[in-house]
Amino acid sequence: MPTRAYAAQSATSPLGPFSIERREPLAKDVDIEILYCGVCHTDIHFARNEWGFTTFPVVPGHEILGRVRRVGKDVTRFRVGDLAAVGCLVDSCRECSSCKAGLEQHCLKGSTFTYNGADVHSGGVTYGGYAEGIVCDEAYTLRVPGHLDPARSAPLLCAGITTYSPLRAWGAGPGKKVGVVGLGGLGHMGVKFAKAFGAETVLYTTSESKIADGKRLGADHVVISRDADAMAKHMGSLDLIVDTVSADHDINSLLGQLKLDGALVLVGAPPTPLALNVFGLLMPRRRIAGSLIGGIAETQEMLDFCGKHNVVCDIELIPIQKINEAYERMLKSDVKYRFVIDIASLKSR
Ligand code: NAP
Ligand code: ZN
Ligand code: ZN
């Protein structure tokens, strides 16, 4: 079915109106009318082909929340009218060891990502949530607790799970001192989760203007990462740091903040390689790791946690016509703290 969307036609063109074709729902598919879609920095990396593997035109968007308007005949978990959400994944093989372990994002046969992924049903590539609707297998469709604000919940589907998962995997909790680097979409959720899990939480930011917000969002300490004296105060004292920075930056000074066996977990994905001074790893025995979103079951666990603890994102709601402006503001680290597109605006263009 023809579906209105917004796409980038090339790495240098702004996003603009575009029409895509969504498949008719198959037996296990849910057809969702999209209400809100969060704007992730990954969308910018793809729209501008910064990682070098974008297929154009690209319709970004993987923080998708909407209402079910049709269901396939074998769908059991959703009914017409339910709230439903789609994150970064729409399919995977379901049989490999990763899929069986609930790590569909690491499917050995290749996960199908929500946009710019190989579309096994329609051919070509998948198109994301900057669109009025999406069709997704119910096994990859998430439930959002009904009492949470839907616009403020949409970014949980990527910014939420991408920070929740490493904080859980590396045991953020009481008695642990945990850092989050960068107060953007991912970072502000990292701070909220680290605090909610009971860890002593340190925010590292380059923006002096974000100190008060960092504390309001839950950080016990806010450190300006370019201030050597402020960094010296926490040297060698953290168990874990989750680094959400989207551009080149100094990871060696961050490594210096970790104690013995502490881990720096990179979730930000700068397009260019980061410089590593190995001595920061050797002394005293530190680790660097990475983490990619989270599996479907863990994403549902995160949403349920948010429902129980009333955790949602801090957002700026925009019409889709402002998307190019929003990208420019994100590149200046100027967003409080996630843009969310009101998809109703697509119909009024
Ligand atoms: P964002 O909202 O733009 O936030 C990034 C933050 O990083 C900025 O707000 C800024 O925070 C800091 N920053 C930016 N440039 C910097 C620089 N040159 N030096 C130091 N700090 C800088 O981006 P996002 O949506 O949170 O995404 C962040 C990164 O994570 C992107 O690369 C994205 O592709 C990646 N990502 C990865 C996964 C995954 O599964 N691993 C999932 C989603 C996104 P301050 O102003 O506080 O310094
Ligand atoms: Zn994302
Ligand atoms: Zn698999």
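Whatever order the structure lists them in is the order used to number ligands and atoms, beginning at 1.
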- Query: Between Arg168 and Phe305, is NZ or CZ placed under 6.0 angstrom from the six-membered ring centre and within 45° of the ring axis?
  - Reply: yes

- Message: Polar contacts were defined as any N/O atom of the residue lying under 3.5 Å from an N/O atom of the ligand; does this apply to Lys210 and ligand 1?
- Response: yes

- For ligand 1, does His249 get within less than 4.0 Å through its side chain, its backbone, both, or neither, judged by non-hydrogen atoms? side chain

- Query: Does ligand 1 have an atom under 4.0 Å from some heavy atom of Trp51?
  - Reply: yes

- Do any nitrogen or oxygen atoms of Leu292 come within less than 3.5 Å of a nitrogen or oxygen of ligand 1? no

- Ser165 and Glu298: side-chain donor and acceptor closer than 3.5 Å? yes

- What is the minimum heavy-atom distance between Ala11 and Asn49, and which atoms define it? CB-CB, 3.9 Å

- Query: Can you name the N, O or S atom of His62 that is closest to the Zn ion (ligand 2)?
  - Reply: NE2

- Message: For the residue pair Arg143 and Phe78, would you count it as a cation-pi contact if the rule is NZ or CZ under 6.0 angstrom from the ring centre and within 45 degrees of the ring axis?
- Response: yes

- Query: Does Arg77 use its side chain to pair, donor to acceptor, with the backbone of Glu138 at less than 3.5 Å?
  - Reply: yes

- Message: Below 3.5 Å, N or O to N or O, backbone or side chain included: is there any such pair between Ala247 and ligand 1?
- Response: no

- Message: Please check this pair: side chain of Asp342 against backbone of Ser345, looking for a donor-acceptor N/O pair closer than 3.5 Å.
- Response: no

- Query: Tell me: protein heavy atom nearest atom 14 (C) of ligand 1, and distance?
  - Reply: Ser333 OG, 3.7 Å

- Modelled atom types, side-chain donor and acceptor of Tyr36 and Glu63, under 3.5 Å: no

- Query: When only distance counts, is Pro270 in polar contact with ligand 1, meaning an N/O pair under 3.5 Å?
  - Reply: no

- Taking His62 as the fixed residue, which of Phe46, Phe113, Tyr115 is the one that meets the ring pair (Phe, Tyr, Trp, His ring centres under 6.0 Å) rule? Tyr115

- Option set Val242, Leu203, Leu183, criterion heavy-atom distance to atom 11 (O) of ligand 1, minimum: Leu183

- Query: Among protein heavy atoms, which lies nearest atom 24 (P) of ligand 1, and at what distance?
  - Reply: His41 CB, 3.6 Å

- Message: Between His221 and Lys233, do the side chains contain a donor N or O and an acceptor N or O under 3.5 Å apart?
- Response: no

- Give yes or no for whether the N/O distance cutoff of 3.5 Å, strictly under, is met between Gly185 and ligand 1. yes

- Message: Distance under 4.0 Å to a non-hydrogen atom of Val267: what atoms of ligand 1 satisfy this?
- Response: 30 (O), 35 (C), 36 (N), 37 (C), 38 (C), 39 (C), 41 (N)

- Sub-4.0 Å atoms of ligand 1 with respect to non-hydrogen atoms of Thr205: 45 (P), 46 (O), 47 (O), 48 (O)

- If you have a sec, read the angle at the Zn ion (ligand 3) from Cys107 atom SG over to Cys99 atom SG, to 10 degrees. 110°

- Can you get from Ile318 to Ile34 by hopping between Ile, Leu, Val, Met, Phe, Trp and Tyr side chains that sit under 4.5 Å apart? yes

- Task: Around atom 30 (O) of ligand 1, find the nearest protein heavy atom and jot down its residue, atom name and distance.
- Result: Gly268 CA, 3.2 Å

- Message: Starting from atom 4 (O) of ligand 1, what is the nearest protein heavy atom, named by residue and atom, and what distance separates them?
- Response: Gly184 CA, 3.4 Å

- Element-labelled atoms of ligand 1 that are located less than 4.0 Å from some non-hydrogen atom of Thr244: 28 (C), 29 (C), 30 (O)

- Note on the structure: Checking heavy-atom distances from atom 7 (O) of ligand 1 to each of Thr206, Asp334, Val245, the winner is Val245

- Item | Close approach, Asp248 and ligand 1, non-hydrogen under 4.0 angstrom | yes

- Task: Verify the distance criterion only: is there a donor paired with an acceptor across the side chains of Thr299 and Tyr164 at less than 3.5 Å?
- Result: no

- Any sub-3.5 Å donor-acceptor pair from Ser153's side-chain atoms to Ala151's backbone N or O? no

- Message: Using a 4.0 Å cutoff against the non-hydrogen atoms of Ile293, which atoms of ligand 1 qualify?
- Response: 39 (C), 40 (O)

- Task: Kindly confirm whether the Zn ion (ligand 2) is within less than 2.8 Å of some N/O/S atom in Cys40?
- Result: yes

- Task: Could you tell me which atoms of ligand 1, counted from 1 in the order shown, lie closer than 4.0 angstrom to a heavy atom of Cys158?
- Result: 42 (C), 43 (C)

- Item | Any N or O of Ala269 closer than 3.5 Å to N or O of ligand 1 | yes

- So with a 6.0 Å cut-off around CZ of Phe279, is the heavy-atom count from everything else above 12? no

- Task: Provide, to 0.1 Å, the distance between atom 39 (C) of ligand 1 and the closest protein heavy atom, together with that atom's residue and name.
- Result: Thr162 CG2, 3.4 Å

- Task: Check the side chains of Tyr127 and Asp119 for a donor-acceptor pair under 3.5 angstrom, ignoring hydrogens and angles.
- Result: no

- Task: Please state whether Arg338 comes within less than 4.0 angstrom of ligand 1, counting heavy atoms only.
- Result: yes

- Query: Would you say Ala159 touches ligand 1, if touching means a heavy atom closer than 4.0 Å?
  - Reply: no

- Residue Cys158, metal the Zn ion (ligand 2), N/O/S under 2.8 Å: yes

- Item | Tyr204 with Ile251, same ILVMFWY side-chain cluster at under 4.5 Å | yes

- Task: Can you pull out the closest protein heavy atom to atom 5 (C) of ligand 1? Residue, atom name and distance to 0.1 Å, please.
- Result: Ser246 OG, 3.9 Å

- Task: Enumerate the atoms of ligand 1 whose separation from the nearest heavy atom of Leu186 is less than 4.0 angstrom.
- Result: 24 (P), 25 (O), 26 (O), 27 (O), 30 (O), 36 (N), 43 (C), 44 (C)

- Item | Thr163 and Val180, any side-chain heavy atoms less than 4.5 Å apart | no

- Based purely on interatomic distance, does Ser291 place a nitrogen or oxygen under 3.5 Å from a nitrogen or oxygen of ligand 1? yes

- Message: If only side-chain N and O atoms count, and only distance matters, is there a donor-acceptor pair under 3.5 Å linking Asn324 with Glu328?
- Response: no

- Please report which non-hydrogen protein atom sits nearest to atom 12 (C) of ligand 1, along with the residue it belongs to and the distance in Å to one decimal place. Gly182 CA, 4.0 Å

- Looking only at protein heavy atoms, what sits closest to atom 32 (O) of ligand 1 is His45 NE2, 2.8 Å

- Query: Taking NZ, NE, NH1 and NH2 as the nitrogens, is one of them in Asp213 or Lys210 under 4.0 Å from a carboxylate oxygen of the other?
  - Reply: no

- Item | Residue Ser207 vicinity, atoms of ligand 1 by number, heavy atom under 4.0 Å | 45 (P), 46 (O)

- Under-4.0 Å salt bridge between Arg69 and Asp31: yes

